[in-house]
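Take a look at the structure below.
Numbers restart at 1 for each chain; the letters A, B, ... are given by sequence-line order, proteins then strands. Both backbone and side-chain heavy atoms feed into the values below; hydrogens, waters and symmetry mates do not.
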2 protein chains.
Amino acid sequence: MKHTSYKAMDCGAAQALECVGEWWSILILRDAFLGLSRFDEFQTSLGIASNSLTRRLKHLTENGLLDRRIYSERPKRYEYILTERGRDFFPVLVTLTKWGNQHLAPNGAYVQLADRLTGKLLEPILMDKSSLLKITYENVTVQPGPGATEEVLARLATRKVKNEQ
Amino acid sequence: MKHTSYKAMDCGAAQALECVGEWWSILILRDAFLGLSRFDEFQTSLGIASNSLTRRLKHLTENGLLDRRIYSERPKRYEYILTERGRDFFPVLVTLTKWGNQHLAPNGAYVQLADRLTGKLLEPILMDKSSLLKITYENVTVQPGPGATEEVLARLATRKVKNEQ
DNA sequence: CACTGTAACTTTCATTATGCAAGTTACAAG
DNA sequence: CTTGTAACTTGCATAATGAAAGTTACAGTG
């Protein structure tokens with residue numbers, strides 16, 4: 001049964017998930033960030049069926065996150081490289097990984113980030129670019145943006161006072 | 001065909017996606033962050049089939065992101081409220097929404113964040129908590145963490161020099 | 001009292017996606 | 001020639017999904 005497309009939703013998250021929201025897609029991107037690029041590398045790393053991997057790589061390529069490049073003419077051989085759009089997905093992967101490490105890793109975080117130059121360990125948090133205010137669910141509100149539509153206005157209008165735990 | 005579980009993967013992102021990686025799950029969380037809490041509210045907002053919504057709410061509840069609370073005894077009525085673990089997912093949703101808005105919104109961002117107290121618009125970016133170094137794909141490396149396993153070490157060992165675009 | 005409407009699901013059924021396993025093609029190497 | 005490899009493709013059985021109808025437990029109304 002074909003799952004409902006999010007394409008018609010006026011929502012950044014939904015639009016993003018239309019590109020990356022299928023099972024396996026984000027893990028393929030994880031591996032691309034780790035430097036994997038070839039079909040068999042992804043398949044071995046993930047243990048994914050080849051027909052599923054083909055479909056996912058195609059979808060990620062069509063949506064501009066990966067670039068399918070030829071690396072051998074005879075025989076034709078291809079690799080899949082992150083595009084700039086794909087690389088811009090990095091903060092999503094970092095925050096997702098951090099959440100998973102915090103809440104689900106049984107023996108502490110599996111990985112951590114370090115400054116490439118100094119080797120100093122880093123703890124990623126979300127801040128406002130100019131004021132350096134730490135961004136949390138409790139201290140921000142969501143406003144309509146420049147591209148807001150009636151749908152967005154309606155969605156924001158139906159929200160309620162945030163529930164206190 | 002039952003899709004492959006990520007449970008056995010030693011990876012924060014995979015563990016996270018085991019909880020939220022099915023179609024609809026993250027959008028349900030989005031709506032929960034916007035204050036929706038009842039079955040019919042989610043269903044109306046998302047246009048999702050009721051059997052799928054039931055399964056997803058159950059899964060999110062079992063995985064500790066939502067709390068199913070009774071709000072009426074006669075008749076029994078329930079609402080779904082974000083837990084602390086659920087609220088900790090906020091940075092993921094923010095970065096995902098930002099990526100979607102930047103790359104896929106046709107007329108600019110659908111929404112933006114604002115400081116709850118001052119109303120000042122915010123631009124979320126990822127920084128290191130102590131040094132305030134901006135975290136980007138280009139300036140960090142991934143290291144084994146305290147919970148790293150053989151699998152993690154192997155995965156990190158197979159990475160290659162990052163490809164230059 | 002009966003009827004209606006609502007909330008929160010549950011059930012049924014046909015369609016699509018998935019994993020498994022085998023197969024195909026175009027090479028290079030021996 | 002055979003063998004091995006990379007990158008898929010194909011066939012098939014199973015699971016997930018959407019659409020639509022149904023069920024239960026009420027409250028409200030006439």
Check whether any side-chain nitrogen or oxygen of R56(B) sits under 4.0 Å from OP1 or OP2 of dA16(D), and answer yes or no.
-> no
Are N51(A) and T54(A) linked by a side-chain donor-acceptor pair shorter than 3.5 Å?
-> no
Does the ring of Y71(A) carry R38(A) above it, NZ/CZ under 6.0 angstrom from centre and within 45° of its axis?
-> yes
Going by atom types only, do S45(A) and D31(A) share a side-chain donor-acceptor pair under 3.5 Å?
-> yes
Cluster companions of M127(A) among Ile, Leu, Val, Met, Phe, Trp, Tyr (side-chain spacing under 4.5 Å) = I125(A), L132(A), I125(B), M127(B), L132(B)
Could you check whether F42(A) gets within reach of a base, just the sugar-phosphate, or nothing at all, counting any heavy atom under 4.0 Å?
-> nothing
Calculate the interatomic distance between R38(B) atom CZ and dC9(C) atom C1'; express it in whole Å.
-> 15 Å
Linking directly or through intermediates, with side-chain heavy atoms under 4.5 Å: list the remaining ILVMFWY members grouped with Y78(A), chain and number order.
-> I70(A)
Please list, chain by chain and in numerical order, all residues satisfying ring-ring contact (aromatic ring centres under 6.0 Å, His included) with F90(B), sequence neighbours excluded.
-> Y137(A), F33(B)
How close or far is atom P of dC8(D) from atom NE2 of H59(A), stated in whole angstroms?
-> 17 Å
Ignoring backbone atoms, establish whether W23(A) has a side-chain N or O less than 4.0 Å from OP1 or OP2 of dA16(D).
-> no
Taking only side-chain nitrogens and oxygens of R55(A), does any of them come within less than 4.0 Å of OP1 or OP2 of dT18(C)?
-> yes
Considering residues at least two apart in sequence or located in another chain, which fulfil the salt bridge (charged side-chain N to carboxylate O under 4.0 Å, His left out) criterion with K76(B)?
-> E73(B)
Length of the line joining E79(B):CD and dA7(C):P, which is rounded to integer Å | 14 Å
Y71(B) vs dA8(C): side-chain N/O to OP1/OP2 distance below 4.0 Å = yes
How would nucleotides 22-27 of chain C be written as a contact map, 5' to 3', with B for base contact, S for sugar-phosphate-only contact and - for no contact, using protein heavy atoms under 4.0 Å?
-> ----BS
Within this structure, what is the CG-to-P distance between N51(A) and dT14(D), rounded to whole angstrom?
-> 16 Å
For dA7(C), take OP1 and OP2 only and decide whether either is under 4.0 Å from a side-chain N or O of Y80(B).
-> no
Rounded to whole angstrom units, what separation is found between the CZ atom of F39(A) and the P atom of dT9(D)?
-> 8 Å
Could you state the atom-to-atom distance from NZ of K58(A) to P of dT18(C) in whole Å?
-> 14 Å
Length of the CD1-C1' vector between I28(B) and dT17(D), whole Å = 13 Å
Residue pairs meeting ring-ring contact (aromatic ring centres under 6.0 Å, His included), one or both in residues 49-70 of chain A, sequence neighbours left out, come to none
R85(A): partners by salt bridge (charged side-chain N to carboxylate O under 4.0 Å, His left out), with sequence neighbours left out | none
N/O (side chain, W24(A)) to phosphate O (OP1/OP2, dG19(C)) under 4.0 Å = yes
Mind calculating the distance between CG (L53(B)) and C1' (dA16(D)) to the nearest angstrom?
-> 15 Å
Residues of residues 1-8 of chain A with any non-hydrogen atom less than 4.0 angstrom from an atom of DNA chain D: list those, numerically ordered, please.
-> M1(A), K2(A), H3(A), T4(A)
Closer than 4.0 Å, any side-chain N/O of T54(B) to the OP1 or OP2 of dC9(C)?
-> no
Got a list of side-chain donor-acceptor pairs under 3.5 Å for residues 103-111 of chain A, not counting sequence neighbours?
| residue | atom | partner | partner atom | Å |
| --- | --- | --- | --- | --- |
| H103(A) | NE2 | D88(B) | OD2 | 2.8 |

